[in-house]
Amino acid sequence: MFDRLLLLSPVLLFLPLVIPVPPPGNASPAPCRRCCDDLEPQEGPPVSGLNQIPEVRTFINMTILKGDKGNRGERGTPGKSGEEGAPGSRGPMGPKGTKGQAGPSGDPFKTQDAAFSVGRRKSLHSVDYYQALVFDTEFVNLHGHFDMFKGKFYCYVPGIYFFNVNIHTWNFKETYLHIMRNDKEQAIVYAQPSERSIMQSQSLMLPLELNDEVWVRLYKRERENAVYSDDVDVYITFNGYLIKPTLE
């Protein structure tokens, strides 16, 4: 018998001793609840002890939960323009570009000059009261503004002009000429009859308009009016040139 008790004693030593322990004081035991049941607040002071169930709160770290990339949203309305910033510093000079193509042809150059110088190698006696002095030698006739057949300069460039006439008188004959602008006398070249022949000259400036005419006219009175020249030398000259055009 004793031997059997010795054999059974190790088994008995490892059996748990379950002894119901009443709750402290006179408090009634709390009913059993599942953790998933809603917790209702209890009336009275909180119950402490072995039968109190701890509150379980779930915490999810959202940073470790990453879903698939969504679709791109619609473009929003443009915002208001910001304030204008200060100008930046000037950048370095860039490389030289390639040569461009030639541009279209421009308008023809408008003539802004005029000049003439003509002479006469033959003497002339006035036969009419009014007679134009015609020239036979052309020194300069820029753009052909002087008409050699009529002895007149035609203004194609309005502006201020300078004119000059040189003549040689004839012995014992009167010399009477006018520098004309259109049909109006502008200046006179005059020499009384004399035993000696002399050179006479007259110069002036005139404002001319388009198509004005400037020429030299002989005026015959009671006396014979004449100018002298020969085939060797030129004694009679008529010159003019533009000083300043009206529109530059």
Side-chain angles (χ1 to χ4, degrees), residues 105-170 173-194 196-221 223-248:
S105 300
D107 296 333
F109 175 74
K110 295 183 179 180
T111 303
Q112 293 293 322
D113 50 15
F116 72 92
S117 179
V118 293
R120 182 180 176 93
R121 293 180 180 273
K122 295 180 180 180
S123 300
L124 178 64
H125 286 77
S126 176
V127 295
D128 295 326
Y129 284 102
Y130 299 112
Q131 182 178 348
L133 182 58
V134 180
F135 300 86
D136 54 27
T137 303
E138 181 181 274
F139 299 108
V140 174
N141 190 5
L142 195 61
H143 309 300
H145 292 178
F146 189 89
D147 191 332
M148 294 293 292
F149 296 99
K150 296 181 179 180
K152 294 183 177 181
F153 170 77
Y154 291 89
C155 176
Y156 294 101
V157 182
I160 306 298
Y161 284 79
F162 174 83
F163 295 97
N164 168 259
V165 174
N166 298 287
I167 58 96
H168 191 278
T169 65
W170 203 315
K173 295 180 181 179
E174 186 179 46
T175 301
Y176 201 155
L177 300 92
H178 286 103
I179 299 176
M180 306 290 295
R181 176 187 176 188
N182 299 326
D183 294 330
K184 187 175 181 180
E185 301 89 349
Q186 301 296 315
I188 189 173
V189 182
Y190 181 75
Q192 293 181 346
S194 174
R196 298 174 55 188
S197 61
I198 58 174
M199 293 291 300
Q200 291 284 81
S201 180
Q202 181 66 280
S203 303
L204 78 166
M205 290 190 295
L206 292 175
L208 299 184
E209 298 179 357
L210 185 64
N211 296 325
D212 277 350
E213 302 173 3
V214 179
W215 51 293
V216 179
R217 186 189 70 180
L218 281 78
Y219 176 56
K220 181 182 179 182
R221 299 190 298 178
R223 299 175 182 177
E224 188 177 7
N225 187 9
V227 289
Y228 175 82
S229 188
D230 58 36
D231 296 336
V232 178
D233 296 315
V234 178
Y235 288 88
I236 304 170
T237 60
F238 183 30
N239 313 283
Y241 57 87
L242 176 66
I243 296 177
K244 178 179 175 57
T246 302
L247 298 177
E248 294 185 349

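Position 1 is the first residue of the sequence, and the numbers go up from there.
In plain terms, the two heavy atoms of Asn225 and Leu218 that are nearest each other are ND2-CB, 3.9 Å. The shortest heavy-atom contact between Ala115 and Val140 is O-CG1, 4.1 Å. The minimum heavy-atom distance linking Gln131 with Leu124 is given by the pair NE2-CD1, 3.6 Å. Residues Thr137 and Arg121 come closest through the heavy atom pair OG1-NE, 3.4 Å. Nearest heavy atoms, Ser229 versus Arg120: OG-O, 2.9 Å. Considering every non-hydrogen atom in both Cys155 and Val157, the closest pair reads SG-O, 3.4 Å.
Taking the side chain to side chain contact (heavy atoms under 4.5 Å, CB included) definition, one finds that Gln186 meets it with Arg181, Lys184, Leu204, Leu206, sequence neighbours left out. Residues meeting the ring-ring contact (aromatic ring centres under 6.0 Å, His included) test with Trp170, sequence neighbours left out: His125, Tyr228.
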Run the side-chain donor-acceptor check on residues 162-169: report pairs under 3.5 Å with partners two or more places apart or on a different chain.
| from | atom 1 | to | atom 2 | distance (Å) |
| --- | --- | --- | --- | --- |
| Asn164 | OD1 | Asn166 | ND2 | 2.6 |
| Asn164 | OD1 | Asn239 | ND2 | 3.2 |
| Asn164 | ND2 | Ser201 | OG | 3.3 |
| Asn164 | ND2 | Gln202 | O | 3.3 |
| Asn164 | ND2 | Ser203 | OG | 2.7 |
| Asn166 | OD1 | Ser201 | OG | 2.9 |
| Asn166 | ND2 | Thr237 | OG1 | 3.0 |
| Thr169 | OG1 | Ile198 | N | 2.7 |
| Thr169 | OG1 | Ile198 | O | 3.2 |

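Put simply, the side chain of Tyr161 does not reach to within 4.5 Å of the side chain of Val214, judged on heavy atoms. Looking at heavy atoms from C-beta onward, Met180 lies out of side-chain contact with Lys152 at the 4.5 angstrom threshold.
For the atom pair CD1 (Ile188) and CD1 (Ile179), the distance works out to 10.5 Å, reported to the nearest 0.5 Å. Distance check, rounded to the nearest 0.5 Å: CG of Leu142 to CG of Asp113 gives 5.0 Å.
For CE of Met205, the number of neighbouring non-hydrogen atoms (other residues, nucleotides, ligands) closer than 6.0 Å is 12 at most. Taking a 6.0 Å sphere around CG of Asp233, one finds it holds more than 12 heavy atoms contributed by other residues, nucleotides or ligands.
Ring geometry, Tyr219 versus His178: the interplanar angle falls from 30° to 60°, so the pair is classed tilted. Between Tyr190 and Tyr176, the ring-plane angle classifies as perpendicular under the 30° and 60° cut-offs.
Aromatic rings from Phe153 and Phe238 are positioned such that their centres are separated by 6.0 Å or more. In this structure, Tyr241 has its ring center no closer than 6.0 Å to that of Phe116.
A donor-acceptor contact shorter than 3.5 Å links the side chain of Asp230 to the backbone of Val232.
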**OP:** Could you give me the CA-CA distance, side-chain angles and deciding distance for Lys122 and Asp136, then say whether side-chain contact (heavy atoms from CB on, under 4.5 Å) is met?
**Re:** CA-CA 8 Å; Lys122 295 180 180 180; Asp136 54 27; 3.9 Å; yes
